[in-house]
Amino acid sequence: MPVDNSRLKGFYKLSIPERRAMLAELAGLSEEQVQAWADAELDEDVADRMIENVIGTYSLPIGVATNFIIDNEHYLIPFVLEEPSVVAAASNMAKRCHAKGGFTSNNDEPVMIGQIQVVGCENPEDARGSIMAAKADLIDSCNEVDPILVKFGGGCRDVQARIIETESGPMVIVHILVDCRDAMGANAVNTMAETIAPKVEGITGGTVILRIISNLAVHRLARVSAVFTPAEMADKGDASQGSEVIDGILQAYHFAKADPFRATTHNKGIMNAISPIAIACGQDWRAVESGAHSFASHERTYGSLTHWEKDPDGNLVGSIELPMAVGLVGGAVRVHPAAQANVALLGISSANDLAKVMAAAGLAQNLGALRALATVGIQVGHMKLHVRNMAVTAGAEGGEVDIVAARIRAHGGRITQKAVEEELAKLRSE
Ligand code: NAD
């Protein structure tokens, strides 16, 4: 179950152990789960089983984004990343759609595509026809491979075939469409594709080469939308100022829509939320990333993964649509203790829930960047939070870090590494 309330006032002021204790209580976590957060390092035996040639582990902060209401339920969302101001921006923006009820999802079924490449067909068009005629039999053969997936309501749903022209001549490309339920599905789909390959060769008279999942998961799209009122978009609740902010956001969005140079950075901002949640929850984040960017140029010039417009009442309406190949069984999610704790914090029980949380966070993150860019610029907020890293870079230790950061922020001027170094020298001379 997600939490009762994601609005954690003053959470940022607590110590790290206090934050953990509060979340444990709110989300009903076990001592073991909380301990997984506290143990900064992954057990080496676990690590050694995860990949090859292990020499150690590498840790990053886990931060929690607050204020998310999705489909009328409150979520606290774990992010694993190195970049300051991302978690704060997501939490801040998530709060700004509460008046209209928060985020609403409308995801596809979890259907992935497996590709089977057939070369050397005497007549590719006839081969394609033969595949289509044998569709029912091919679907049955796929489903015999994974009775567990079928038992959980998944399995092969369809078979498609098309001919592509390549430098090696025409190829028949067969797609198996597999409902992966709560799995990301790469292993499941690859096994099916490999198993039915001999049958495909028999049907087409060609030779099968590749049998592999496609990360362009166009049948497994996550869709989330939200409405932000002018008063919520304002700095301090002034609706007319909020309307100006909304107009600026729309102009910033139209820039991304029209220009791939901008759209790439715009989408990077969206992935600032999506990839950290994927990592936090033990997902294959490269699969999610490749699917997202490919979808951003699928059947169009590379463009925005989000859509923004104004409704007749002057509210800002935002939506996001992108492939979301994530799972709660398989992969690393059941192996990595911190990933398990993070999934428990989310209180989710299906891959679909994780997909909608990631999409909602991506939409909020995008709004955070657009709003900052269209108003004060991105650097003000970012540098304020980055200044602690700068103090560490300058050599500050222990309590010095926060003192230097506070003094630099209090100056209110431009935050530069030189200014931070000077402030540290001044502090040490006092
Ligand atoms: P998996 O094979 O470990 O788990 C999926 C299996 O779990 C299913 O086939 C099913 O038999 C079983 N299962 C039990 N309960 C289920 C439920 N409720 N819903 C669905 N299945 C259930 O993992 P996977 O998801 O098939 O593969 C994911 C892994 O594949 C990731 O580690 C990923 O990194 C890796 N991978 C990715 C790519 C790629 O993205 N291109 C390629 C190869 C491998």
Side-chain angles (χ1 to χ4, degrees), residues 42 46-54 80 107-117 139-157 173-197 208-222 271 274-296 298 322-340 342-344 346-356 358:
L42 183 64
V46 176
D48 207 24
R49 284 194 294 270
M50 283 175 84
I51 63 164
E52 311 74 40
N53 296 354
V54 170
V80 168
N107 291 353
D108 284 343
E109 295 296 313
V111 173
M112 298 297 290
I113 299 168
Q115 297 194 291
I116 301 169
Q117 175 198 24
I139 291 176
D140 287 347
S141 301
C142 282
N143 285 336
E144 280 166 22
V145 176
D146 200 337
I148 299 176
L149 180 61
V150 173
K151 190 183 98 188
F152 281 100
C156 186
R157 297 280 185 258
I173 306 299
V174 180
H175 281 188
I176 53 172
L177 271 50
V178 182
D179 185 324
C180 297
R181 289 291 96 196
D182 291 321
M184 180 266 175
N187 287 327
V189 170
N190 293 347
T191 311
M192 283 186 191
E194 287 187 7
T195 308
I196 67 161
V208 167
I209 314 280
L210 268 61
R211 299 143 294 167
I212 179 80
I213 198 162
S214 169
N215 290 108
L216 180 52
V218 292
H219 304 296
R220 194 178 194 173
L221 300 179
M271 301 315 283
I274 291 175
S275 302
I277 305 168
I279 297 171
C281 295
Q283 304 299 307
D284 182 339
W285 69 92
R286 289 87 55 216
V288 176
E289 293 260 356
S290 62
H293 291 293
S294 171
F295 186 67
H298 181 52
L322 77 170
M324 202 56 87
V326 293
L328 292 184
V329 296
V333 63
R334 293 264 172 100
V335 180
H336 195 298
Q340 286 185 321
N342 292 334
V343 169
L346 280 168
I348 52 176
S349 51
S350 70
N352 178 58
D353 285 344
L354 180 55
K356 78 182 185 188
M358 290 168 68

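In listed order, ligands and their atoms are each counted from 1. What you are looking at is a predicted structure, and each value in this text was computed from that prediction instead of being measured. Worth knowing before you read on, the calculation uses all heavy atoms, side chains too, and leaves out hydrogens, waters and symmetry mates.
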- Message: Within a 6.0 Å radius of atom CD1 on Ile148, are there more than 12 heavy atoms belonging to other residues, nucleotides or ligands?
- Response: no
- Could you tell me whether the side chain of Leu328 reaches within less than 4.5 Å of the side chain of Asp353, counting heavy atoms only? no
- Sorted by chain and number, sequence neighbours left out, salt bridge (charged side-chain N to carboxylate O under 4.0 Å, His left out) with Arg220 holds for none
- Write out all pairs satisfying side chain to side chain donor-acceptor pair (under 3.5 Å) with one or both partners inside residues 141-156, taking only residues at least two apart or from two chains. Ser141-Lys199
- Hey, does the side chain of Gln340 reach the backbone of Arg334 with a donor-acceptor pair shorter than 3.5 angstrom? yes
- Query: Which residues satisfy the side chain to side chain donor-acceptor pair (under 3.5 Å) test with Gln117, sequence neighbours excluded?
  - Reply: none
- Task: List, ordered by chain and residue number, the protein residues whose closest non-hydrogen atom lies under 4.0 Å from any atom of ligand 1.
- Result: Asp146, Ile148, Leu149, Phe152, Cys180, Arg181, Asp182, Ala183, Met184, Gly185, Ala186, Asn187, Ala188, Asn190, Ile213, Asn215, Asp284, Ala287, Val329, Gly330, Gly331
